[in-house]
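Note that the coordinates shown come from a computational prediction; the quantities given were computed from them, not determined experimentally. All values below come from the heavy atoms of this structure, side chains included, with hydrogens, waters and symmetry mates left out. Labels below follow one simple rule: chain letters A, B, ... track the order of the sequence lines, proteins then strands, and each chain is numbered from 1.
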Amino acid sequence: MSGPAPAVPDHFIDEIIKADIASGRWGLGGQGGLGRGGVAGGVAGASVQTRFPPEPNGYLHVGHAKSICLNYGLAQKYGGKFNLRFDDTNPEKEEQEYVDSIIRDVKWLTSAFGGSFDSGNHAGGLFYASDLFGLMYDYAVELVKKGLAYVCELPAEEVSKRRGTPAIPATSPFRDRPAAESLKLLDEMRRGVHPDGSMTLRAKIDLASPNFNLRDPVMYRIVHEKHHNTGTDWCIYPMYDWAHGFEDSFEKVTHSICTLEFENHRPLYDWFINAVNQGRTEDGSGPWGKTIWHSRQIEFAKLQLNYTVLSKRNLLRMVSDKVVRGWDDPRMPTLSGMRRRGYTPAALRAFCEEIGVTKTDSVIDIGRLENAVRADLNKRSPRAMSVLRPLKVVIENWPAGKVDELDFVINPEDPAAGTRKVKFSGTLYIEREDFMEEPPKKFFRLSPGQEVRLRWAYFIRCTGVEKDSAGNITAVRCTYDPATRGGDAPAGPNGEPPRKVKATLHWVSAEHAIAGEVRLFDRLFKAEFPGERTGKWEDDLNPDSLTVLTDAKLDPVLATAKPGEAYQFERLGYFTVDPDSAPGKPVFNRTVSLKDDWAKLAAKGG
RNA sequence: UGGGGAUUGGUGUAACGGUAGCACGACUGACUCUGACUCAGUUAGUCUAGGUUCAAAUCCUAGAUCCCCAGCCA
């Protein structure tokens, strides 16, 4: 895939990083923790160490792509490292399948940067929050001993009731119990003595804080559930706020980048690190040893796309309710769905860089994503001619049985791709919509009496149509001009300029074309903001989001195409081979159509 | 009603007291063996009201609108 980073304009996070570098903020960064496979995260004298911290409770989507590209791009730009870290602190929702898919998707996407979390110059490594459960537990014990945490025996509903309001402080009758008592109960919690929900460990911060996150947040809850990584080793699990800062700390993350909704959590993030560091010193001479790494949390606005649903909860519903065929359905905004559809890592990277990074909530037009895909595929895709909805063309004056071989330019955007041969004969297929018996004004494709060019082949002129008893057109009759072989008209006998033709059509030879299935996708939702009207995105589903064409006539060159390969079907769009393909039965996904001024004109003209 | 954020053309994003720029879209046109690509041009913006200043998108004051927060989710 592509290598060095193109020039991307600086954004507010660049400015923060540059200021940090200038002030030497992270200059003393030592070696970070050791990730899976012995790869060390955290660089000595680091300028940046970033990470992408997904929870393995679903498949990654294009919103995550923005975060991955941001974090990887920063590591690359400033010569730092990038980690993939599973924020796997909730066994009730997390599964190995999701872990596997996330690893696959992150590797795939970051290939656009020429490396990944486990390869290349910016590989920081693979980490699991759950590998740190022991460390976090030790910190929790430390906080209890420091009088900064306590075991609270209020049930969840009761905590909720006692949460208070902006004006009324929260309460807990267990807040001032002796540390020794909390220590004993915490140990019992961990050993499985107590049932789920019977008690929690809470931080002792400020029950009256206007920021509810600081009203003695829960650090540990009891969950007797098997964890995908730690199995049954634990029956207490750390909450996000308690765990996240230590994950960053262990990996010596410099800039802990998250989305806007965590802005309210930053005081808590800092409080927990500071609480552990209370009584610790740089040289370890304090009563609690050495200070731990304190990352800097920075929040940015997550990606929002119109005509799209982007929340793991809803995507999960779409999969489990079978609205789509699975997480990798090509209509899904998941990375696996987009990969299957034919979107490339380079296109997603370009898209993420084009839309910028800010703190402003904004909605990106889905067309921007499609444009990025077109731009990338245009450069790299070999061309082919395939007919999606075939209409037979009979060349009346073509010598019976003759087959011609013509030169076809494989990719006009890439002369190095060269040419290949295409076979032409007396019976062809063209696109049904390229013929009109009674054409409107601006239609300059084939119609009775009209002459067009067949790409790289001959000029043909329509002499008539054949119809069935119901009046449907079954074939178009034409004559060809042998002098236009290759697709260019010769100059006139007296030096007149060659005659021109307004339209060039794609075609396939009926005898040589191969049969195939083509799947066309439209957006999954008809409404710009699904669910905005009724509160249910189901009400805005597009019933026509999938069209399967089983009678396509494909370019013979596609017979050996392999899953994942992308072609431009000339005048139609970019098409990628689906894994459902079988030998002799190729299946193509339309990744994205070409821009189509004629369709726009026709729609406008009515 | 408490706290935390945000607000620049249709959309996204720059400008950090000194010419409001770029990209996408839309619209014109050129080119074209893909009605694609490419190229040229047009279009259109500082949330409001005051103030400071020679000069304000930028600083100050007041207001408006939108987003996030009262899970033992992340």
Side-chain angles (χ1 to χ4, degrees), chain A residues 9-11 15 53-55 57 87-90 92-94 152 154-157 159-168 170 196-202 208-215 217-223 236-237 239-241 243-244 258-267 299 301 304 306 312-313 354-365 367-368 371-372 374-375 378-379 383 385 409 412-413 442-445 452-457 459 484 486-489 500-506 568-573 593-602:
Chain A
D10 280 0
H11 45 66
E15 291 182 6
E55 182 189 14
N57 66 345
D87 201 7
D88 52 352
T89 57
N90 183 4
E92 291 177 311
K93 292 185 177 171
E94 296 157 9
C152 175
L154 253 21
E157 318 79 68
V159 172
S160 179
K161 255 185 248 169
R162 290 166 171 263
R163 183 83 50 191
T165 69
I168 305 170
D196 288 6
S198 57
M199 55 187 73
T200 58
L201 182 71
R202 287 227 252 168
S209 174
N211 180 348
F212 278 68
N213 294 131
L214 297 175
R215 313 254 268 216
V218 172
M219 295 163 61
Y220 274 103
R221 76 281 212 186
I222 302 172
V223 180
I236 59 171
Y237 290 91
M239 297 289 290
Y240 167 86
D241 288 303
H244 206 85
C258 60
T259 47
L260 249 28
E261 67 265 33
F262 291 102
E263 215 153 12
N264 291 332
H265 294 244
R266 186 163 11 108
E299 309 84 15
Q304 301 184 85
N306 58 7
K312 281 199 206 167
R313 197 179 115 259
E354 279 163 21
I355 60 177
V357 179
T358 66
K359 298 188 70 139
T360 311
D361 270 310
S362 58
V363 179
I364 307 294
D365 193 299
R368 296 286 292 259
N371 280 342
R374 285 189 187 100
N378 180 45
K379 282 180 289 175
R383 313 286 116 134
M385 292 197 290
V409 175
E413 303 285 327
K442 292 268 178 74
F443 184 89
F444 43 81
R445 275 111 98 145
V452 300
R453 170 172 31 235
L454 294 180
R455 185 133 158 104
W456 306 120
F459 286 13
T484 58
D488 285 309
K500 295 219 165 178
V501 102
K502 271 192 160 172
T504 299
L505 309 187
H506 62 280
Q568 185 197 103
F569 290 180
E570 290 209 327
R571 303 210 307 130
L572 296 175
S593 65
L594 251 30
K595 280 203 238 166
D596 188 348
D597 277 350
W598 163 244
K600 223 193 293 182
L601 220 193

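Checked by atom type and distance alone, the side chain of A:R215 pairs as donor or acceptor with a backbone atom of A:S209 at under 3.5 Å. Between the side chain of A:R202 and the backbone N or O of A:C152, no donor-acceptor pair lies under 3.5 Å. Side-chain N or O atoms of A:T358 include one that pairs as donor or acceptor with a backbone N or O of A:T360 at under 3.5 Å.
Rounded to an integer number of Å, the gap from A:K595 NZ to B:C39 P is 11 Å. We find that CG of A:L572 is positioned 14 Å from P of B:C37, with the value rounded to whole Å. Between the C1' atom of B:A26 and the CG atom of A:D596 lies a distance of 16 Å, rounded to the nearest Å. With rounding to whole Å, A:D597 atom CG is found 16 Å from B:C31 atom P. The distance from atom CZ of A:R383 to atom C1' of B:A36 is 8 Å, rounded to the nearest whole Å.
Taking atom P on both nucleotides, B:G12 is separated from B:G5 by 22 Å, rounded to a whole Å. Rounded to the nearest Å, the gap between the P atom of B:C22 and that of B:G29 is 23 Å. Rounded to whole Å, the separation between the C1' atoms of B:G9 and B:U43 comes to 9 Å. A distance of about 34 Å separates the P atoms of B:C37 and B:C47, rounded to the whole Å. Comparing B:G63 with B:G3, their P atoms sit 13 Å apart, to the nearest whole Å. B:A56 and B:U52 are spaced 10 Å apart, taking the C1' atom of each and rounding to whole Å. Look at the C1' atom in both B:G25 and B:A44: the space between them is 12 Å, to the nearest Å. B:A64 and B:A70 have their P atoms separated by 25 Å, with the value rounded to a whole Å.
Qualifying side-chain contact (heavy atoms from CB on, under 4.5 Å) partners for A:P267, counting only residues two or more places apart in sequence or in other chains: A:N211, A:L214. By the side-chain contact (heavy atoms from CB on, under 4.5 Å) test, A:A599 pairs with A:D596, sequence neighbours left out.
Using a 4.0 Å heavy-atom cutoff across all strands shown, A:R445 reaches at least one base atom of the nucleic acid. At a threshold of 4.0 angstrom between heavy atoms, the contacts of A:R374 with the nucleic acid are absent. Residue A:F444 is in base contact, counting any heavy-atom pair closer than 4.0 Å across all strands shown.
Counting all heavy atoms, side chain and backbone alike, A:E55 lies closest to A:D87 at CG-O, 3.6 Å. Here the closest heavy-atom approach between residue A:K442 and residue A:L601 is recorded as CB-CD1, 3.9 Å. Taking each heavy atom of A:T165 and A:F212 in turn, the nearest pair found is C-CZ, 3.6 Å.
Base pairing in RNA chain B yields stems of at least 3 consecutive Watson-Crick or G-U pairs, both distances under 3.5 Å, namely B:2-7 with B:64-69, B:10-13 with B:21-24, B:25-30 with B:38-43, B:47-51 with B:59-63.
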Might you list the N or O atoms of the protein lying below 3.5 Å from N or O atoms in nucleotides 40-44 of chain B, with each pair's distance?
none

Which atoms of nucleotides 11-15 of chain B (N or O only) lie under 3.5 Å from a protein N or O atom, and what are those distances?
from, atom 1, to, atom 2, distance (Å)
B:G12, OP1, A:V363, N, 3.4
B:G12, O3', A:S362, OG, 3.4
B:G12, O2', A:I355, O, 3.0
B:U13, OP1, A:T358, OG1, 2.9

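Of the candidates B:U34, B:G5, B:G25, the closest approach to any side-chain atom of A:K359 belongs to B:G5. Residue A:K600 places its side chain closer to B:C27 than to any other of B:C27, B:G35, B:G4.
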Strictly under 4.0 angstrom, non-hydrogen atoms only: write out the protein contact profile of nucleotides 68-74 of chain B, one letter per nucleotide from the 5' end, B, S or -.
BSBSBSB
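Residue A:K442 has no polar side-chain atom (N or O) positioned under 4.0 Å from OP1 or OP2 of B:G35.
B:G29 has its base anti relative to the sugar, with a glycosidic angle deviating from 0 by more than 90°.
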